[in-house]
Amino acid sequence: MMNTSSASRPDLRAAGAAGVTVVMWASAFVSIRSAGAEYSPGALALGRLLVGAVVLGLICLVRREGLPPRAAWPGIAISGLLWFGFYSVVLSWGEQQVDAGTAALVVNTGPILIALLGARLLGDPMPPRLLAGMAVSFAGAVTVGLSMSGEGGSSVLGVVLCLLAAIGYAGGAVAQKPALGHASALQVTTYGCLVGAALCLPFAGQLVDDAARASLSATLNLVYLGVFSLALAFTTWAYALARTTASRMGATTYAVPALVVLMSWLALGEVPGLLTLAGGLLCLAGVAVSRSRTRSARVVASVPRPEQTRESA
C-alpha cells in the first residue's frame with residue numbers, strides 16, 4: 001500500500017514554493033512602483049535581470065548545473081523573450097502610469113490567457129466557462145481603464161501596458177512548461193533570465209545614467225527585485241510548475257492583487273479607487289469563473305478510479 005505521507009510531501013513542497021512566488025511577486029509590484037520613480041522602465045528591467053542573472057549564475061556554479069538540453073531551449077528562449085524581457089519592460093512602464101494595486105489587478109488576467117494558450121497550443125479543453133470568464137475579465141479591464149481615464153491618457157496607457165504584460169506573462173508561462181520536462185527549474189530560470197537580459201541590453205546606457213543619479217533606496221529596490229522577486233520567485237515558480245499544470249499554477253496568482261493592495265497601502269500609501277477596485281474584482285471574478293467546474297464534473301472527479309480502490313484495499 002502506498003505511503004500517503006510520502007506521496008503528499010512533493011505536493012506540499014510545490015504548494016510552499018508557489019506560496020513563496022505569490023508573496024515575492026506581490027512585493028515586486030510595490031518595489032517596481034517605488035524604484036520606477038528614479039529608474040526608467042528599460043533600465044529598471046535590465047538592472048533587475050542582471051542582478052538576477054548574477055545570483056542565479058552563482059547558484060548554478062555551486063550546484064554544478066550544466067547547460068540545458070537542446071530540447072529545452074525553445075521554451076527557455078520564448079519564456080526569456082516574452083516573460084523575463086518583454087514583461088519586465090512593459091510592466092515597469094505601466095507602473096509609472098498606474099498604481100501598484102491597479103497594475104496587479106490588470107496583470108492577473110494572465111491565468112485566463114494561460115488557459116486559452118494551453119487550449120490552443122497544448123490541446124487542453126476550452127469549456128464554455130473559460131470563454132465566459134474571459135468575457136467577464138475583459139469587462140473588468142475595460143472598467144479599470146475607464147476609471148482611470150479621468151486622470152489623463154497616461155493612465156489609460158498604463159492599463160494597456162499592464163494588459164500587454166499579462167500577455168507576456170501568459171505566453172512565457174505556457175512556453176516554460178514543456179522546457180521543464182527536459183531541464184531543471186534552476187536551469188530554465190537562469191537561462192531564461194539571461195535571454196531576457198540580452199533582449200534589454202539596448203537600455204544599458206540608461207541604466208548607467210539612472211544608477212548614477214538614483215537614491216540608495218531606489219537602487220536597493222532594484223537589487224531586491226533581482227534577488228528575490230526574480231531569482232528566488234521565478235525559481236520557486238518553475239519548481240512548482242514542473243509538478244503541476246500551467247493553468248493550475250496560474251490560479252495560484254489569484255491572491256497577488258489583494259497582497260499588492262495591502263503592501264502598497266502600507267509602503268506607498270496607495271489604494272485604488274472604488275471603481276478601479278470594482279473593475280479589478282471583475283477581472284478576478286472572470287478568472288474564478290473560468291477555473292470553476294460544473295457540478296457533474298465535480299461528481300465525476302470525486303468517484304474513485306478502480307486502481308485507486310485496489311490500492312486503498
Side-chain angles (χ1 to χ4, degrees), residues 21 24-25 28-29 31-33 35-36 39-53 56 68 72-98 100 102-118 120-121 141 145 154 156-180 188-207 210 222 225-226 229-231 233-235 237-238 241 246 249-250 253 256:
T21 298
M24 291 296 100
W25 282 356
F29 282 93
S31 289
I32 290 171
R33 177 70 170 167
Y39 281 91
S40 61
L44 181 57
L46 177 60
R48 67 182 293 204
L49 286 165
L50 290 176
V51 171
L56 291 166
W73 274 105
I76 290 173
I78 294 172
S79 66
L81 292 172
L82 289 180
W83 200 357
F84 289 86
F86 176 77
Y87 170 89
S88 296
V89 174
V90 296
L91 178 60
S92 299
W93 188 6
E95 284 206 58
Q96 289 187 348
Q97 316 298 325
V98 297
T102 301
L105 290 167
V106 177
V107 169
N108 267 272
T109 58
I112 287 181
L113 301 177
I114 290 174
L116 177 61
L117 288 174
R120 296 291 296 175
L121 301 178
S154 62
V156 177
L157 172 63
V159 173
V160 173
L161 290 168
C162 290
L163 284 172
L164 291 174
I167 294 172
Y169 151 48
V174 172
Q176 261 194 354
K177 180 60 179 177
L180 288 165
V188 171
T189 305
T190 301
Y191 289 94
C193 183
L194 288 171
V195 170
L199 180 67
C200 294
L201 280 178
F203 302 110
Q206 291 182 12
L207 175 60
D210 290 352
L222 184 151
L225 286 166
S229 67
L230 195 153
F234 275 76
T235 302
W237 162 278
L241 180 60
M249 275 304 295
T253 64
V256 168

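Here, residue 1 is the first one in the sequence, and each next residue gets the next number. It should be emphasised that the depicted structure is a prediction, and the values quoted were computed from it without experimental measurement.
T235 is linked by a side chain to side chain donor-acceptor pair (under 3.5 Å) to nothing, counting only residues two or more places apart in sequence or in another chain. Residues satisfying the side chain to side chain donor-acceptor pair (under 3.5 Å) criterion with Q96, sequence neighbours excluded, are absent altogether. With sequence neighbours left out, T21 forms a side chain to side chain donor-acceptor pair (under 3.5 Å) with T236. Listed by chain and number, the residues in a side chain to side chain donor-acceptor pair (under 3.5 Å) with E95 amount to none (sequence neighbours excluded). By the side-chain contact (heavy atoms from CB on, under 4.5 Å) test, A35 is found to be paired with L44, N221, residues two or more places apart in sequence or in another chain being considered. Checked against ring pair (Phe, Tyr, Trp, His ring centres under 6.0 Å), F84 has the following partners two or more places apart in sequence or in another chain: F234.
Between W25 and W83, the angle of the ring planes goes over 60°, which puts this pair in the perpendicular group of the 30/60° scheme.
In this structure, A72 and A179 approach most closely via the heavy-atom pair O-CB, 3.6 Å. In terms of heavy-atom proximity, V89 sits nearest to A45 at CG2-CB, 3.7 Å. In this structure, A53 and C193 approach most closely via the heavy-atom pair N-SG, 3.5 Å. Scanning both residues, G158 and Q97, for their nearest heavy atoms gives CA-CB, 3.4 Å. Nearest approach of A197 to L49, heavy atoms of both residues: N-CD1, 3.8 Å. Residues L225 and S31 approach most closely at CD2-CB, 3.7 Å, considering heavy atoms.
A distance of 9.5 Å separates CG in D210 from CG in L222, rounded to the nearest 0.5 Å. Considering CG of L82 and OG of S88, their distance stands at 11.5 Å, rounded to 0.5 Å. The distance from atom CZ of R48 to atom OG of S92, rounded to the nearest 0.5 Å, is 6.5 Å. In this structure, T189 OG1 and W237 CH2 are separated by 11.0 Å, a value rounded to the nearest 0.5 Å. Rounding to the nearest 0.5 angstrom, the gap separating the OH atom in Y87 from the CG atom in L91 is 4.5 Å. Going from atom CG of L50 over to atom CG of L201 covers 7.0 Å, rounded to the nearest 0.5 Å.
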* Asked: Should L157 and L161 be marked as a side-chain contact (heavy atoms from CB on, under 4.5 Å) after you check the CA-CA gap, both sets of side-chain angles, and the distance that decides it?
  -> CA-CA 6 Å; L157 172 63; L161 290 168; 3.9 Å; yes
* Evaluate side-chain contact (heavy atoms from CB on, under 4.5 Å) for L56 paired with L194, printing each intermediate quantity in order. => CA-CA 10 Å; L56 291 166; L194 288 171; over 6 Å; no
* To do: Quick one: do F86 and I167 satisfy side-chain contact (heavy atoms from CB on, under 4.5 Å)? Show the steps, please.
  => CA-CA 10 Å; F86 176 77; I167 294 172; 5.7 Å; no
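At a threshold of 4.5 Å between non-hydrogen side-chain atoms, the residues V159 and V98 count as touching.
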